[in-house]
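This is the structure I have questions about; it appears just below.
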Amino acid sequence: MLETPMSNMFDTDKLIFGIGQVSKITGVSSRQLRYWEQQNYISAIQQKKGASRQYSMHTLIKIANIQRFLRKGFTLAVAVEKAVKVARESPIIRDFVKSQLNEVRFESDDRAVIDFGFTDDSKKQHVLGIIDHGKTSFKIEDES
DNA sequence: GTTCTAACA
DNA sequence: TGTTAGAA
């Protein structure tokens, strides 16, 4: 994979967080973080014995998602499963949207239209994502 | 002051 | 899971 310097100002994957920061950010106690690690639900970055744990951005997000599912009432084991699934789906969705997204048009204070490009190679129709008063929907528009 | 491990109301 | 103890 070739580097694309201008695409991202920072490489967020290189950010590291201490256990205290992760706890403050996600609302998960340090006690829980150590326990989850012991249960192999999460893992800290390469650490020596007794050294402070450090977490990657990826792990931080995973922890935040686990917490999200816990608050929804799921058990820890299930919350972890769901977080793992999200982690697997996220890059797929992100890459797809990134490759399809053309532009976003703000048509009014509470209406925006996302242009997802052509439906196919015939290039006769556009796929539009509509956000109107918080409600979302898709729309196929003929090329004008 | 923060984090670590281990133990326990 | 929270809290506490003693060490790093």
Side-chain angles (χ1 to χ4, degrees), chain A residues 1-123 125-141:
Chain A
M1 189 71 84
L2 206 62
E3 290 295 330
T4 53
M6 298 303 283
S7 61
N8 290 131
M9 195 78 85
F10 300 107
D11 185 350
T12 57
D13 288 339
K14 286 183 178 175
L15 292 178
I16 298 303
F17 305 87
I19 192 170
Q21 303 184 311
V22 171
S23 180
K24 181 166 292 184
I25 293 171
T26 65
V28 177
S29 71
S30 56
R31 172 73 169 82
Q32 285 176 297
L33 291 173
R34 297 187 183 102
Y35 175 70
W36 294 1
E37 177 181 321
Q38 188 180 1
Q39 302 305 307
N40 290 311
Y41 289 146
I42 60 174
S43 61
I45 295 176
Q46 188 72 47
Q47 54 172 340
K48 296 179 182 178
K49 56 171 174 64
S52 299
R53 292 173 174 70
Q54 298 192 312
Y55 301 92
S56 66
M57 174 65 96
H58 181 268
T59 300
L60 172 65
I61 293 173
K62 180 178 181 180
I63 292 169
N65 281 327
I66 293 174
Q67 176 71 318
R68 229 179 79 243
F69 291 121
L70 282 178
R71 297 207 209 224
K72 281 187 176 181
F74 294 103
T75 63
L76 177 57
V78 174
V80 171
E81 282 182 17
K82 290 181 172 293
V84 169
K85 189 182 180 193
V86 168
R88 194 163 172 281
E89 299 172 335
S90 293
I92 301 294
I93 296 173
R94 187 179 60 73
D95 290 347
F96 182 84
V97 172
K98 190 171 187 178
S99 67
Q100 286 293 129
L101 182 60
N102 271 347
E103 68 164 336
V104 178
R105 296 193 291 274
F106 298 94
E107 304 195 330
S108 74
D109 287 342
D110 33 40
R111 181 184 169 82
V113 176
I114 303 172
D115 184 348
F116 284 111
F118 297 111
T119 56
D120 54 51
D121 288 339
S122 67
K123 299 181 177 179
Q125 299 173 311
H126 270 251
V127 176
L128 268 34
I130 313 298
I131 303 176
D132 205 309
H133 291 76
K135 272 188 63 74
T136 60
S137 63
F138 280 114
K139 181 180 178 182
I140 302 300
E141 183 179 72

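Remember, it's a predicted structure, so these values are computed and weren't measured experimentally. Order of the sequence lines sets the chain letters (A, B, ...), proteins ahead of strands, with each chain counted from 1.
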Just the dot-bracket of DNA chain B, please: which string comes out with Watson-Crick or G-U pairs under 3.5 Å, [ ] for crossing, | for another strand? .|||||||.
Sequence neighbours excluded, which residues qualify as salt bridge (Lys or Arg N to Asp or Glu O under 4.0 Å) partners of R31(A)? none
Expected output is a numbered-order residue list: members of residues 55-83 of chain A with a heavy atom under 4.0 Å from any atom of DNA chain C. What is it? none
Qualifying residues under side-chain contact (heavy atoms from CB on, under 4.5 Å), relative to R34(A), sequence neighbours excluded: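 R34(A) satisfies side-chain contact (heavy atoms from CB on, under 4.5 Å) with I19(A), S30(A), R53(A) only.
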Can you list the residues that meet the side-chain contact (heavy atoms from CB on, under 4.5 Å) rule with K48(A), with sequence neighbours excluded? A51(A)
Reading DNA chain C 5' to 3', which nucleotide is the first, and which the last, to come under 4.0 Å of any heavy atom in chain A?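 Footprint of chain A along DNA chain C, 5' to 3': dT1(C) to dT3(C).
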For DNA chain B, which nucleotides open and close the run of contacts to chain A, 5' to 3', at under 4.0 angstrom from a non-hydrogen atom?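 Both ends considered, the range comes out as dT3(B) to dA7(B).
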Once side-chain contact (heavy atoms from CB on, under 4.5 Å) is applied, do any residues pair with N40(A), and if so which ones, sequence neighbours excluded?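 With sequence neighbours excluded, N40(A) shows a side-chain contact (heavy atoms from CB on, under 4.5 Å) to no residue whatsoever.
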Which residue pairs satisfy the side chain to side chain donor-acceptor pair (under 3.5 Å) criterion with at least one member in residues 69-87 of chain A, sequence neighbours excluded? none
Does any residue of residues 20-44 of chain A have a heavy atom under 4.0 Å from DNA chain B, and if so, which ones, in number order?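 When residues 20-44 of chain A is checked for heavy atoms under 4.0 Å from DNA chain B, the hits, listed by number, are G20(A), R31(A), R34(A).
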For I16(A), what residues pass the side-chain contact (heavy atoms from CB on, under 4.5 Å) criterion, not counting sequence neighbours?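 Here the qualifying residues are I45(A), Q54(A).
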Mind checking what makes ring-ring contact (aromatic ring centres under 6.0 Å, His included) contact with Y35(A), not counting sequence neighbours? none
